[in-house]
J.: 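Sharing a structure here in structure tokens format.
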Amino acid sequence: TFGVIAIGVLFGLVAFAAVIEIKDLDLWLHMKMGEVITSTGQVPSQDILSVTVAGKPWINHEWLFQTVVYSVRLAFGIDGLLYMQALLVVLAFTLLLFWTYRRDRQLLIIPLLFSVMQVYQTRFTVRPDIFSVIYFILFLMILTTSMERRWSLLALFIVQVLWGNMHGFFFWGPVLVLIFLAAEALKRYAPLPDGWRAEGRLSDAGYQRLGVTFLVVAAAMFINPMTFEGALYPLRVLVGLSGDNNVFFKYITELQPSISAATFWDLGDQVPFKKLIIVSAISFLLNARRINLVLFFVWAVVLVFSVLA
């Protein structure tokens, strides 16, 4: 009973923290483009809003998000966007709760989810990545709990299609599947401790389905109005980070390093994030005899990515 009450309080805090003012100026661009797409039935392939670069090719990989926010505002006003924001944040935490919940571990899960809220609240805003977080969690949930079931293939395909038309982080879909494939291959063919080979290991049928899943998810990336151009957009961004466009990217907030070796022990900066890094690292050490390679690889890759950007 105490645990259920604590979970209720946590979700009340999450919902309260998520209903905040609109503070991202990109929203007005998204809503205008949503209006254009809705009224014309087409996703513009050229810039139609700028004065200086009008007519230049534009890969609008967030068009689906734009139609959603425009439709919500049209139906429910600006307050509707705030309620949508809160609903999506609560949904993300609900998925995390269902994925991690154990009745005998309530006192461990609740403070961890509270720390997640402290980190995540910097992104409580009406942006495409508010959907991206949900898709990321869904991928991890399905890959870790449901790959033995046939419907997992269709579910991941649908999530990838939605993700690929909403936010540039859709490349995480096939990357996550590749990480799972690599871990499962090591469990089968590498000389590992028995505990590592057995922990979370898929059946042969699940392993084969995982291979097919990668092909299906990779193909789903091309289901967008720009097809090949849309699917390759994240790769172009990564190339641009080290090319001539670096001067622009270095001023984009979400592409800046979150912490560094020099600031890691600074108690006045990113404390909840650093706490989660330390706690999660300790959890692997405490389970050294039975490490789940899949979760360890996901943790390591996402950790590097989240520190760098």
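Residue numbers start at 1 and run along the sequence shown. Side chains are part of it too, since the values below use all heavy atoms of this structure and drop only hydrogens, waters and symmetry mates.
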J.: Do you know which two heavy atoms are closest between Leu113 and Phe93, and how far apart they sit?
T.: O-CE2, 3.4 Å

J.: Would you mind telling me which of Val68, Leu162, Leu64, Leu91 makes a side-chain contact (heavy atoms from CB on, under 4.5 Å) with Phe131?
T.: Val68

J.: Find out if a path of hydrophobic residues (ILVMFWY) with successive side-chain heavy-atom gaps under 4.5 Å connects Leu96 to Leu107.
T.: no

J.: Is it possible for you to say whether Trp28 and Trp58 belong to one hydrophobic cluster, with membership spreading through side-chain heavy-atom contacts below 4.5 Å?
T.: no

J.: Measuring centre to centre across the rings, with the benzene-like ring taken for any Trp, is Phe65 within less than 6.0 Å of His30?
T.: yes

J.: To the nearest 0.5 angstrom, please state how far the CD1 atom of Ile277 sits from the OG atom of Ser115.
T.: 12.0 Å

J.: Which heavy atom in Val36 sits nearest to a heavy atom in Pro44, and how many Å separate them?
T.: CG1-CG, 4.1 Å

J.: With distance as the sole criterion, is a donor-acceptor pair present between the side chains of Glu199 and Asn287 under 3.5 Å?
T.: no

J.: Should Trp299 and Phe284 be marked as a ring pair (Phe, Tyr, Trp, His ring centres under 6.0 Å) after you check the CA-CA gap, both sets of side-chain angles, and the distance that decides it?
T.: CA-CA 10 Å; Trp299 175 81; Phe284 285 110; 5.3 Å; yes

J.: To the nearest 0.5 Å, tell me how far Leu88 CG sits from Thr94 OG1.
T.: 11.0 Å

J.: Could you state the interatomic distance from CE (Met31) to OG1 (Thr67), rounded to the nearest 0.5 Å?
T.: 13.0 Å

J.: If I compare all heavy atoms of Asn224 with all of Gly230, which pair ends up nearest, and what's the gap?
T.: OD1-CA, 3.5 Å

J.: Looking only at heavy atoms, which two atoms of Arg102 and Trp99 are closest? And how far apart?
T.: NH1-O, 4.0 Å

J.: Enter the distance from Leu276:CG to Gln118:CD here, rounded to the nearest 0.5 Å.
T.: 8.5 Å

J.: Do the rings of Tyr135 and Trp163 sit parallel, tilted or perpendicular, given the 30° and 60° boundaries?
T.: tilted

J.: Identify the heavy atoms of Gly200 and Glu184 that sit nearest to each other, and give their distance.
T.: O-OE2, 3.5 Å

J.: Is it possible for you to say whether Phe297 and Tyr189 belong to one hydrophobic cluster, with membership spreading through side-chain heavy-atom contacts below 4.5 Å?
T.: yes

J.: Output, in order, the C-alpha distance, side-chain angles, deciding distance and verdict of salt bridge (Lys or Arg N to Asp or Glu O under 4.0 Å) for Asp266 and Lys274.
T.: CA-CA 10 Å; Asp266 182 358; Lys274 296 171 184 176; 5.4 Å; no

J.: If the test is side-chain hydrogen bond (donor to acceptor under 3.5 Å, both in side chains), which one of Glu148, Gln208, Arg209 qualifies with Ser203?
T.: Glu148

J.: Does the side-chain contact (heavy atoms from CB on, under 4.5 Å) test come out yes or no for Phe169 and Phe305, once each step is laid out?
T.: CA-CA 12 Å; Phe169 275 2; Phe305 186 85; 4.0 Å; yes

J.: Might you point out which heavy atoms bring Lys187 and Val294 nearest each other, and give the distance in Å?
T.: NZ-CG2, 4.0 Å

J.: Are Tyr83 and Val72 connected, step by step, through hydrophobic side chains (Ile, Leu, Val, Met, Phe, Trp, Tyr) whose heavy atoms are closer than 4.5 Å?
T.: no

J.: So if you build clusters from Ile, Leu, Val, Met, Phe, Trp, Tyr with side-chain heavy-atom gaps below 4.5 Å, do Val90 and Leu87 land together?
T.: no

J.: Find the distance between CD1 (Ile22) and CD1 (Ile78) and round it off to the nearest 0.5 Å.
T.: 4.5 Å

